[in-house]
Amino acid sequence: MVSAMPELPEVETVCRGLALALEGRRLIRVQTYRAGLRRPFPLDFAERLQGRRVERIARRAKYLTLFLDDGWVWLAHLGMSGRMLVGPADENPPGKHDHLIVETEDGRRVAYNDARRFGLMDLCVTADLRLHPLLAALGPEPLDDAFTPLVLAAALAGRSGPIKTALLDQTLVAGIGNIYASEALFRAGIDPTRSAATIGLEEVERLVPAIKSVLIEAIAAGGSSLRDHRRTDGELGYFQHAFAVYDREGLPCPDCTCAEGVRRLVQAGRSTFYCAKRQR
DNA sequence: CGGCAAACCTGCGAGC
DNA sequence: TGCTCGCAGGTTTGCC
(Lines give C-alpha, C1' and ligand atoms only; values in the text may rest on other atoms or scores of the structure.)
Protein backbone atom coordinates (compact mmCIF):
# COMPACT_ATOMS: atom_id res chain seq x y z
CA MET A 1 0.00 0.00 0.00
CA VAL A 2 1.21 3.54 -0.67
CA SER A 3 0.00 6.99 -0.78
CA ALA A 4 0.60 10.64 -0.41
CA MET A 5 -0.40 14.09 0.46
CA PRO A 6 1.28 16.78 -1.04
CA GLU A 7 3.90 19.14 -0.26
CA LEU A 8 7.31 18.55 -1.76
CA PRO A 9 8.53 16.00 0.84
CA GLU A 10 5.32 13.98 0.62
CA VAL A 11 5.36 13.97 -3.18
CA GLU A 12 9.03 13.00 -3.12
CA THR A 13 8.21 10.12 -0.77
CA VAL A 14 5.49 8.92 -3.12
CA CYS A 15 7.78 9.35 -6.10
CA ARG A 16 10.38 7.05 -4.55
CA GLY A 17 7.79 4.47 -3.64
CA LEU A 18 6.24 4.54 -7.08
CA ALA A 19 9.65 4.18 -8.67
CA LEU A 20 10.23 0.94 -6.75
CA ALA A 21 6.89 -0.44 -7.94
CA LEU A 22 6.73 0.80 -11.51
CA GLU A 23 10.11 1.68 -12.98
CA GLY A 24 11.02 -0.76 -15.74
CA ARG A 25 7.60 -2.42 -15.58
CA ARG A 26 5.00 -2.62 -18.31
CA LEU A 27 1.43 -1.60 -17.56
CA ILE A 28 -0.67 -4.52 -18.71
CA ARG A 29 -4.00 -3.27 -17.42
CA VAL A 30 -5.26 0.27 -16.86
CA GLN A 31 -8.74 1.16 -15.71
CA THR A 32 -10.40 4.47 -14.83
CA TYR A 33 -13.50 4.64 -12.66
CA ARG A 34 -14.72 8.13 -13.40
CA ALA A 35 -14.32 10.76 -16.10
CA GLY A 36 -11.66 12.77 -14.32
CA LEU A 37 -10.60 14.62 -11.19
CA ARG A 38 -10.53 18.40 -11.00
CA ARG A 39 -10.40 18.25 -14.77
CA PRO A 40 -11.31 15.39 -17.14
CA PHE A 41 -8.70 12.75 -17.79
CA PRO A 42 -6.96 13.17 -21.18
CA LEU A 43 -8.71 11.64 -24.16
CA ASP A 44 -8.32 7.84 -24.15
CA PHE A 45 -6.15 8.12 -21.03
CA ALA A 46 -6.33 4.46 -19.97
CA GLU A 47 -5.82 3.22 -23.53
CA ARG A 48 -2.75 5.38 -23.95
CA LEU A 49 -1.14 4.05 -20.76
CA GLN A 50 -2.05 0.45 -21.46
CA GLY A 51 0.87 -1.61 -22.75
CA ARG A 52 3.45 1.09 -22.04
CA ARG A 53 6.58 0.47 -20.02
CA VAL A 54 7.42 3.04 -17.31
CA GLU A 55 11.04 3.97 -17.87
CA ARG A 56 11.59 6.51 -15.09
CA ILE A 57 9.63 8.43 -12.47
CA ALA A 58 10.64 11.88 -11.28
CA ARG A 59 9.21 14.83 -9.38
CA ARG A 60 8.92 18.47 -10.41
CA ALA A 61 7.57 20.71 -7.64
CA LYS A 62 4.47 18.82 -6.43
CA TYR A 63 4.00 17.01 -9.75
CA LEU A 64 4.95 13.42 -10.48
CA THR A 65 6.29 12.74 -13.96
CA LEU A 66 6.22 9.16 -15.23
CA PHE A 67 8.24 8.76 -18.43
CA LEU A 68 6.81 6.13 -20.76
CA ASP A 69 8.52 4.08 -23.45
CA ASP A 70 6.64 5.73 -26.30
CA GLY A 71 7.98 9.24 -25.70
CA TRP A 72 5.05 10.46 -23.64
CA VAL A 73 4.97 11.54 -19.99
CA TRP A 74 2.20 10.78 -17.54
CA LEU A 75 1.86 13.88 -15.36
CA ALA A 76 0.14 13.45 -11.99
CA HIS A 77 -0.70 15.86 -9.17
CA LEU A 78 -2.09 14.60 -5.86
CA GLY A 79 -4.09 17.67 -4.93
CA MET A 80 -4.94 17.68 -1.22
CA SER A 81 -5.94 14.10 -0.62
CA GLY A 82 -4.46 12.03 -3.46
CA ARG A 83 -2.68 8.76 -2.69
CA MET A 84 -0.89 6.18 -4.76
CA LEU A 85 -1.65 2.83 -3.16
CA VAL A 86 0.72 0.04 -4.17
CA GLY A 87 -0.22 -3.57 -3.58
CA PRO A 88 -0.48 -6.96 -5.20
CA ALA A 89 -2.68 -7.27 -8.26
CA ASP A 90 -5.53 -9.32 -6.89
CA GLU A 91 -9.20 -9.53 -7.67
CA ASN A 92 -10.28 -7.00 -5.08
CA PRO A 93 -12.76 -4.52 -6.48
CA PRO A 94 -11.69 -0.87 -6.52
CA GLY A 95 -11.87 0.70 -3.07
CA LYS A 96 -13.85 3.76 -2.18
CA HIS A 97 -12.35 6.79 -3.99
CA ASP A 98 -10.10 4.66 -6.19
CA HIS A 99 -10.31 6.55 -9.49
CA LEU A 100 -7.57 4.86 -11.51
CA ILE A 101 -5.90 1.45 -11.19
CA VAL A 102 -2.90 0.19 -13.14
CA GLU A 103 -1.48 -3.33 -13.02
CA THR A 104 2.03 -4.33 -14.01
CA GLU A 105 3.29 -7.36 -15.85
CA ASP A 106 4.88 -8.65 -12.66
CA GLY A 107 1.66 -8.65 -10.68
CA ARG A 108 1.64 -5.34 -8.89
CA ARG A 109 -1.15 -2.87 -8.73
CA VAL A 110 -1.16 0.88 -8.13
CA ALA A 111 -4.44 2.57 -7.28
CA TYR A 112 -4.84 6.35 -7.41
CA ASN A 113 -7.18 7.15 -4.52
CA ASP A 114 -8.40 10.69 -3.91
CA ALA A 115 -11.40 11.52 -1.73
CA ARG A 116 -11.55 15.21 -2.57
CA ARG A 117 -10.63 14.77 -6.24
CA PHE A 118 -8.42 17.87 -6.32
CA GLY A 119 -5.76 15.80 -8.08
CA LEU A 120 -4.96 15.92 -11.76
CA MET A 121 -3.73 13.60 -14.51
CA ASP A 122 -2.39 14.64 -17.89
CA LEU A 123 -0.27 13.37 -20.75
CA CYS A 124 2.47 15.30 -22.51
CA VAL A 125 5.16 14.62 -25.10
CA THR A 126 8.49 14.29 -23.27
CA ALA A 127 10.18 16.91 -25.41
CA ASP A 128 7.49 19.44 -24.46
CA LEU A 129 7.38 18.71 -20.73
CA ARG A 130 9.07 21.94 -19.67
CA LEU A 131 6.64 23.91 -21.78
CA HIS A 132 3.60 22.22 -20.29
CA PRO A 133 1.20 24.93 -19.07
CA LEU A 134 1.21 23.49 -15.54
CA LEU A 135 5.00 23.41 -15.31
CA ALA A 136 6.20 26.30 -17.44
CA ALA A 137 5.69 29.01 -14.83
CA LEU A 138 7.05 27.07 -11.85
CA GLY A 139 9.91 28.64 -9.94
CA PRO A 140 13.15 26.88 -9.02
CA GLU A 141 13.28 23.64 -7.07
CA PRO A 142 14.13 24.64 -3.49
CA LEU A 143 16.64 21.80 -3.13
CA ASP A 144 18.52 22.69 -6.31
CA ASP A 145 21.88 24.40 -5.91
CA ALA A 146 20.48 27.08 -8.20
CA PHE A 147 18.06 28.10 -5.44
CA THR A 148 20.29 30.59 -3.64
CA PRO A 149 19.71 33.54 -1.31
CA LEU A 150 20.32 35.94 -4.16
CA VAL A 151 17.71 34.20 -6.30
CA LEU A 152 15.12 34.28 -3.54
CA ALA A 153 15.95 37.86 -2.58
CA ALA A 154 15.41 38.96 -6.18
CA ALA A 155 12.06 37.16 -6.26
CA LEU A 156 10.91 38.79 -3.02
CA ALA A 157 11.86 42.31 -4.07
CA GLY A 158 8.84 44.38 -4.96
CA ARG A 159 6.33 42.05 -3.35
CA SER A 160 4.19 43.89 -0.87
CA GLY A 161 2.34 40.85 0.47
CA PRO A 162 3.46 38.86 3.51
CA ILE A 163 6.52 36.62 3.26
CA LYS A 164 4.51 33.55 4.24
CA THR A 165 2.09 34.02 1.35
CA ALA A 166 5.03 34.60 -1.00
CA LEU A 167 6.56 31.23 -0.07
CA LEU A 168 3.34 29.55 -1.18
CA ASP A 169 3.59 31.14 -4.63
CA GLN A 170 4.81 28.28 -6.83
CA THR A 171 6.20 30.68 -9.43
CA LEU A 172 8.59 32.06 -6.82
CA VAL A 173 9.87 28.73 -5.53
CA ALA A 174 8.15 25.45 -6.33
CA GLY A 175 7.10 22.81 -3.84
CA ILE A 176 6.65 24.59 -0.51
CA GLY A 177 3.15 24.26 0.93
CA ASN A 178 1.34 25.45 4.02
CA ILE A 179 3.16 23.27 6.55
CA TYR A 180 6.72 23.87 5.43
CA ALA A 181 6.19 27.60 4.87
CA SER A 182 5.41 27.99 8.60
CA GLU A 183 8.20 25.63 9.63
CA ALA A 184 10.85 27.31 7.45
CA LEU A 185 9.95 30.79 8.72
CA PHE A 186 10.22 29.54 12.28
CA ARG A 187 13.68 28.10 11.63
CA ALA A 188 14.75 31.37 10.05
CA GLY A 189 13.29 33.44 12.91
CA ILE A 190 11.19 35.55 10.53
CA ASP A 191 7.73 36.88 11.37
CA PRO A 192 5.33 35.47 8.74
CA THR A 193 3.33 38.70 8.57
CA ARG A 194 6.21 40.86 7.37
CA SER A 195 6.06 42.20 3.85
CA ALA A 196 8.21 40.07 1.56
CA ALA A 197 10.01 43.11 0.21
CA THR A 198 11.28 44.06 3.67
CA ILE A 199 13.16 40.81 4.24
CA GLY A 200 16.81 41.75 4.13
CA LEU A 201 19.54 39.75 2.44
CA GLU A 202 20.96 38.53 5.74
CA GLU A 203 17.51 37.20 6.61
CA VAL A 204 17.12 35.57 3.21
CA GLU A 205 20.49 33.97 3.89
CA ARG A 206 18.88 32.31 6.91
CA LEU A 207 15.63 31.55 5.13
CA VAL A 208 17.08 29.60 2.21
CA PRO A 209 18.98 27.10 4.41
CA ALA A 210 15.90 26.90 6.64
CA ILE A 211 13.76 25.91 3.65
CA LYS A 212 16.31 23.36 2.45
CA SER A 213 16.90 21.80 5.85
CA VAL A 214 13.24 21.39 6.74
CA LEU A 215 12.47 19.81 3.37
CA ILE A 216 15.46 17.48 3.55
CA GLU A 217 14.59 16.38 7.07
CA ALA A 218 10.95 15.84 6.14
CA ILE A 219 11.93 13.70 3.14
CA ALA A 220 14.18 11.63 5.39
CA ALA A 221 11.20 11.10 7.71
CA GLY A 222 8.98 9.95 4.86
CA GLY A 223 6.96 13.16 4.92
CA SER A 224 4.33 14.33 7.38
CA SER A 225 1.19 12.27 8.00
CA LEU A 226 -1.60 14.45 9.32
CA ARG A 227 -4.61 12.83 7.71
CA ASP A 228 -3.83 11.19 4.43
CA HIS A 229 -0.19 10.81 3.70
CA ARG A 230 1.21 7.28 3.58
CA ARG A 231 4.49 6.07 2.22
CA THR A 232 4.63 3.56 -0.59
CA ASP A 233 5.05 0.72 1.86
CA GLY A 234 1.95 1.81 3.76
CA GLU A 235 3.84 3.23 6.69
CA LEU A 236 3.10 6.69 8.02
CA GLY A 237 5.57 9.48 7.52
CA TYR A 238 6.65 10.79 10.89
CA PHE A 239 7.89 14.34 10.34
CA GLN A 240 4.71 15.71 11.97
CA HIS A 241 6.28 14.78 15.30
CA ALA A 242 9.10 17.20 14.50
CA PHE A 243 6.88 20.22 13.80
CA ALA A 244 8.07 23.25 15.75
CA VAL A 245 4.94 25.33 15.15
CA TYR A 246 2.59 23.82 12.56
CA ASP A 247 -0.71 22.74 14.11
CA ARG A 248 0.66 23.55 17.56
CA GLU A 249 -1.46 26.56 18.51
CA GLY A 250 -1.05 27.38 22.19
CA LEU A 251 1.77 24.90 22.69
CA PRO A 252 5.32 26.01 23.41
CA CYS A 253 7.73 26.23 20.51
CA PRO A 254 11.05 24.38 20.91
CA ASP A 255 12.96 27.57 21.64
CA CYS A 256 10.93 29.26 24.33
CA THR A 257 8.10 28.83 26.78
CA CYS A 258 6.34 32.16 26.47
CA ALA A 259 2.93 32.03 28.12
CA GLU A 260 0.87 32.41 24.95
CA GLY A 261 2.75 29.70 23.07
CA VAL A 262 2.50 29.21 19.31
CA ARG A 263 0.05 31.59 17.65
CA ARG A 264 -2.27 30.81 14.75
CA LEU A 265 -3.47 33.35 12.24
CA VAL A 266 -5.03 33.25 8.78
CA GLN A 267 -3.21 34.64 5.75
CA ALA A 268 -4.72 34.44 2.28
CA GLY A 269 -7.21 31.95 3.69
CA ARG A 270 -4.59 29.56 5.05
CA SER A 271 -3.55 28.93 8.66
CA THR A 272 -0.15 30.21 9.67
CA PHE A 273 1.59 29.13 12.88
CA TYR A 274 4.45 31.03 14.47
CA CYS A 275 6.15 32.07 17.68
CA ALA A 276 5.89 35.82 18.23
CA LYS A 277 8.94 35.85 20.48
CA ARG A 278 11.25 33.76 18.35
CA GLN A 279 10.16 35.25 15.00
CA ARG A 280 10.66 38.94 14.29
C1' DC B 1 0.40 43.07 -12.07
C1' DG B 2 -0.53 42.10 -7.05
C1' DG B 3 -3.43 40.35 -3.50
C1' DC B 4 -7.26 38.17 -1.73
C1' DA B 5 -11.67 35.40 -1.50
C1' DA B 6 -14.10 31.82 -3.32
C1' DA B 7 -14.63 27.56 -5.59
C1' DC B 8 -13.58 22.75 -6.54
C1' DC B 9 -15.19 17.98 -3.05
C1' DT B 10 -15.22 14.91 0.78
C1' DG B 11 -14.07 13.52 5.46
C1' DC B 12 -13.32 14.17 10.16
C1' DG B 13 -13.26 16.00 14.75
C1' DA B 14 -15.36 19.20 18.01
C1' DG B 15 -19.30 20.91 20.11
C1' DC B 16 -24.08 20.76 21.18
C1' DT C 1 -25.99 8.59 18.88
C1' DG C 2 -26.52 12.15 15.62
C1' DC C 3 -26.53 16.67 13.64
C1' DT C 4 -24.07 21.06 12.32
C1' DC C 5 -20.05 23.69 11.88
C1' DG C 6 -15.41 24.51 10.91
C1' DC C 7 -11.37 23.03 9.12
C1' DA C 8 -8.04 20.40 6.04
C1' DG C 9 -1.61 19.39 3.02
C1' DG C 10 -3.48 22.67 -3.40
C1' DT C 11 -4.53 25.24 -7.41
C1' DT C 12 -7.32 28.10 -10.37
C1' DT C 13 -10.41 31.75 -11.36
C1' DG C 14 -12.32 36.04 -10.93
C1' DC C 15 -12.84 40.36 -8.78
C1' DC C 16 -10.91 44.69 -6.92
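The sequence lines fix the lettering, A, B, ..., with proteins before strands; numbering per chain opens at 1.
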Check: Checking salt bridge (Lys or Arg N to Asp or Glu O under 4.0 Å) against Asp70(A), which of Arg53(A), Arg48(A), Arg52(A) comes through?
Finding: Arg52(A)
Note to self: Show me the dot-bracket string of DNA chain B, counting Watson-Crick or G-U pairs under 3.5 Å, with | for pairs to another strand and [ ] for crossing ones.
What the structure shows: .|||||||.|||||||
Checklist line | Touch class at under 4.0 angstrom, heavy-atom based, for Arg159(A) against every strand present | finding: sugar-phosphate
Item checked: Upstream residue (5' side of DNA chain B) when His97(A) and Gly161(A) are each assigned their closest nucleotide -> Gly161(A)
Margin query: Is there a side-chain contact between Lys62(A) and the phosphate of dG9(C), meaning an N or O under 4.0 Å from OP1 or OP2?
Written below: no
Check: Below 4.5 Å, heavy atoms only, C-beta onward: do Leu167(A) and Leu185(A) meet side chain to side chain?
Finding: yes
Check: Do the side-chain N or O atoms of Arg38(A) get closer than 4.0 angstrom to the phosphate oxygens (OP1, OP2) of dC9(B)?
Finding: no
Margin query: In whole Å, I'd like the distance from the CD atom of Glu249(A) to the C1' atom of dG6(C).
Written below: 13 Å
Note to self: Under a 3.5 Å cutoff, is there a donor and acceptor pairing between the side chains of Arg26(A) and Thr104(A)?
What the structure shows: no
Notebook entry, point to check: Taking CG from Leu37(A) and P from dA7(B), how many angstroms apart are they, rounded to a whole number?
Noted result: 21 Å
Next item on the list: In whole angstrom, give the distance that lies between atom CZ of Arg34(A) and atom P of dT10(B).
Entry: 7 Å
Next item on the list: Would you tell me whether Gln267(A) and Thr272(A) have side-chain atoms, one donor and one acceptor, within less than 3.5 Å of each other?
Entry: yes
Note to self: Taking dC12(B) as the reference, what is the distance to dT11(C) when you measure between their P atoms (whole Å, please)?
What the structure shows: 23 Å
Item checked: No-hydrogen, no-angle side-chain donor-acceptor test under 3.5 Å, His97(A) and Asp114(A) -> no
Check: Where the side chain of Met80(A) is concerned, which of dT10(B), dG9(C), dT12(C) is the nearest nucleotide?
Finding: dG9(C)
Notebook entry, point to check: Can you tell me if the side-chain N/O atoms of Ser81(A) get under 4.0 Å from OP1 or OP2 in dA8(C)?
Noted result: no
Checklist line | Shortest non-hydrogen contact between His132(A) and Asp122(A), atoms and distance | finding: NE2-OD2, 2.8 Å
Next item on the list: Using only side-chain N and O atoms of Lys96(A), determine if any of them is under 4.0 Å from OP1 or OP2 of dT10(B).
Entry: no
Margin query: Within the 4.0 Å heavy-atom criterion, would you say Leu168(A) contacts the bases, only the backbone, or no part of the nucleic acid?
Written below: nothing
Note to self: Whole angstroms only, please: what is the CG-C1' distance between Asp122(A) and dT11(C)?
What the structure shows: 15 Å
Check: Is any NZ, NE, NH1 or NH2 atom of the basic residue among Glu12(A) and Arg16(A) found under 4.0 Å from an Asp or Glu carboxylate oxygen of the other?
Finding: yes
Note to self: Just the rounded figure in Å: distance from C1' of dT11(C) to CG of Asp114(A).
What the structure shows: 13 Å
Checklist line | Whole-Å C1' distance, dG11(B) and dT12(C) | finding: 23 Å
Margin query: Between P on dA8(C) and CD on Glu10(A), what's the gap in Å once rounded to a whole number?
Written below: 16 Å
Note to self: Distance alone, cut at 3.5 Å: any donor-acceptor contact between the side chains of Arg60(A) and Thr65(A)?
What the structure shows: no
Margin query: Nearest to the side chain of Thr165(A), heavy atoms from C-beta on, is which of dG9(C), dC4(B), dG3(B)?
Written below: dC4(B)
Notebook entry, point to check: So does Tyr246(A) get a side-chain nitrogen or oxygen closer than 4.0 Å to the phosphate oxygens (OP1/OP2) of dG9(C)?
Noted result: yes
Check: Stacking check: are the rings of Phe118(A) and dC8(B) less than 5.5 Å apart at their centres and under 30 degrees in tilt?
Finding: yes
Checklist line | Whole-Å distance separating the CD atom of Gln267(A) from the P atom of dG9(C) | finding: 13 Å
Notebook entry, point to check: What is the distance, rounded to the nearest whole Å, between atom CZ of Arg270(A) and atom C1' of dA6(B)?
Noted result: 13 Å
